[in-house]
Amino acid sequence: MNKYGAQTFTVIGPGRLGRSLIDGLKAAGFKPLSIFSRSEPERDLFSASAGVLCKKGLPASEEETGRWVFITTQDDQIGRVAESLSVSGVDWNNRNLIHCSGNHHSGLLENVAERGARIASMHPLQTFSHESSGSAFEGITVTLEGNPALTRELSDVVQVMGGEPLILDREQKRILHAAA
């Protein structure tokens with residue numbers, strides 16, 4: 001077991017990217033705690049995983065929120081999700097909140113950072129399909145932007161998943177997204 005074996009994660013919005021991320025994080029040694037989806041078929045897909053909470057809505061308590069929380073919803077939903085998380089019953093101290101949008105920088109999560117979370121954006125420069133798995137991260141560039149300590153940790157995680165991390169500041173992220 002590697003250094004992530006005891007660390008839990010939550011994914012909000014397990015679509016194509018979210019499913020691949022779940023597989024990649026598990027392969028990197030993380031333990032899935034909970035998956036939140038609007039879609040019943042998506043929840044059914046994961047409910048067979050022993051010990052993993054699969055639920056509609058958003059995490060609202062300590063027990064259902066991992067140390068690492070990844071938002072893999074559509075870009076236009078990230079701000080709404082972050083706002084709801086900021087007023088939830090979750091203690092955000094010692095938790096990491098990461099969204100996976102190429103369009104937005106980590107500032108979209110600032111209201112949760114004000115509650116104690118470290119925040120970042122993590123964007124794989126890859127299109128994911130329904131058939132993608134954790135191996136989809138192998139050899140691809142994944143941009144990281146946000147809290148410096150968290151982006152360094154995410155850089156390590158991306159490497160363990162087989163990806164190539166690229167740490168950017170907000171302006172570099174904007175320019176790269178426009179160029180891509």
Side-chain angles (χ1 to χ4, degrees), residues 2-39 41-49 51-55 58-59 64-78 81-82 85 95-106 108-109 112 117-147 150-168 173 177 180:
N2 66 33
K3 67 183 179 179
Y4 300 112
Q7 295 189 33
T8 58
F9 72 89
T10 294
V11 171
I12 300 169
R16 295 178 305 221
L17 169 59
R19 285 194 302 269
S20 295
L21 182 62
I22 290 166
D23 289 344
L25 290 169
K26 286 168 51 177
F30 284 85
K31 181 180 186 272
L33 178 68
S34 54
I35 299 165
F36 291 84
S37 175
R38 298 186 299 194
S39 164
E42 292 293 341
R43 289 190 308 276
D44 290 345
L45 180 67
F46 296 104
S47 63
S49 300
V52 178
L53 172 69
C54 298
K55 198 171 170 183
L58 296 171
E64 58 188 32
T65 309
R67 181 170 182 266
W68 296 71
V69 178
F70 294 88
I71 301 173
T72 59
T73 62
Q74 294 177 345
D75 288 359
D76 64 351
Q77 296 299 308
I78 296 169
V81 168
L85 293 175
R95 281 191 166 63
N96 303 306
L97 181 62
I98 302 109
H99 75 66
C100 295
S101 169
N103 289 328
H104 302 290
H105 56 69
S106 61
L108 199 55
L109 308 175
V112 188
R118 295 189 307 171
I119 59 171
S121 68
M122 173 182 158
H123 182 246
L125 299 179
Q126 164 96 3
T127 300
F128 292 84
S129 71
H130 289 289
E131 291 79 34
S132 294
S133 67
S135 63
F137 284 91
E138 292 177 17
I140 66 166
T141 299
V142 179
T143 63
L144 306 169
E145 175 275 324
N147 174 286
L150 179 54
T151 56
R152 285 190 300 276
E153 287 181 47
L154 280 168
S155 179
D156 183 42
V157 171
V158 167
Q159 288 177 19
V160 171
M161 291 192 307
E164 299 291 331
L166 177 61
I167 297 176
L168 306 171
K173 180 177 175 74
H177 181 71

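Just so it is clear, the values below take in all heavy atoms, side chains as well, and ignore hydrogens, waters and symmetry mates. What you see is a predicted model; the values in this text were computed from it and never measured. Nothing fancy with the numbering, it's 1 onward along the sequence.
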| query | Atom CZ of Arg67 and atom CZ of Phe30: how far apart are they, to the nearest 0.5 Å? | reply | 8.0 Å
| Close side-chain approach of Thr151 and Asn147, heavy atoms under 4.5 Å | no
| query | Stepwise, does the side-chain contact (heavy atoms from CB on, under 4.5 Å) test hold for Thr72 with Val11? | reply | CA-CA 7 Å; Thr72 59; Val11 171; 3.6 Å; yes
| query | Can you tell me how far CD1 of Ile119 sits from NE2 of His105, rounded to the nearest 0.5 angstrom? | reply | 9.5 Å
| Does the side chain of Glu145 pick up a donor-acceptor pair with the side chain of Ser106 at under 3.5 Å? | yes
| Minimum heavy-atom distance Thr8-Gly66, with the two atoms named | OG1-CA, 3.3 Å
| Polar side-chain atom of Ser37 near backbone of Pro14 as donor-acceptor pair, under 3.5 Å | no
| Would a 4.5 Å heavy-atom cut-off, applied to side chains only, mark Leu21 and Phe70 as touching? | yes
| query | Tell me, do Leu85 and Ile71 make a side-chain contact under 4.5 Å, heavy atoms counted? | reply | yes
| Non-hydrogen side-chain atoms of Arg95 and Arg118 separated by less than 4.5 Å | no
| said: Contact between Gln159 and Pro165 at the side-chain level, heavy atoms closer than 4.5 Å - yes or no? | reply: yes
| field | Between OG on residue Ser121 and CG on residue Leu168, distance to nearest 0.5 Å | value | 8.0 Å
| task | Could you please spell out the steps behind the side-chain contact (heavy atoms from CB on, under 4.5 Å) verdict for Ile98 and Leu150? | result | CA-CA 9 Å; Ile98 302 109; Leu150 179 54; 4.2 Å; yes
| said: Can you tell me how far apart CG (Asn103) and CG (Asp75) are? Round to the nearest 0.5 Å. | reply: 4.5 Å
| said: On a heavy-atom basis, which atom in Val142 and which in Met122 lie closest, and how many Å separate them? | reply: CG1-CG, 3.6 Å
| message | With heavy-atom distances below 4.5 Å as the criterion, would you say the side chains of Thr73 and Ile12 are in contact? | response | yes
| task | Report yes if some heavy atom in the side chain of Leu97 is under 4.5 Å from a heavy atom in the side chain of Trp68; otherwise report no. | result | no
| His99 and Leu109, any side-chain heavy atoms less than 4.5 Å apart | yes
| task | Apply side-chain contact (heavy atoms from CB on, under 4.5 Å) to Ser34 and Val52, showing your working. | result | CA-CA 5 Å; Ser34 54; Val52 178; 5.7 Å; no
| remark: Shortest non-hydrogen pair, Pro59 vs Thr10, comes out as CG-CG2, 4.2 Å
| task | Of all the heavy-atom pairs spanning Lys173 and Ser101, show the shortest one and how long it is. | result | NZ-O, 3.0 Å
| said: Between Met161 and Leu25, does the side-chain contact (heavy atoms from CB on, under 4.5 Å) criterion hold? Intermediate values first, please. | reply: CA-CA 7 Å; Met161 291 192 307; Leu25 290 169; 4.2 Å; yes
| remark: Leu17 and Pro124 have their tightest heavy-atom pair at CD1-CG, 3.8 Å
| note | Heavy-atom closest pair (His123 atom, Cys100 atom, distance to 0.1 Å) is CD2-O, 3.6 Å
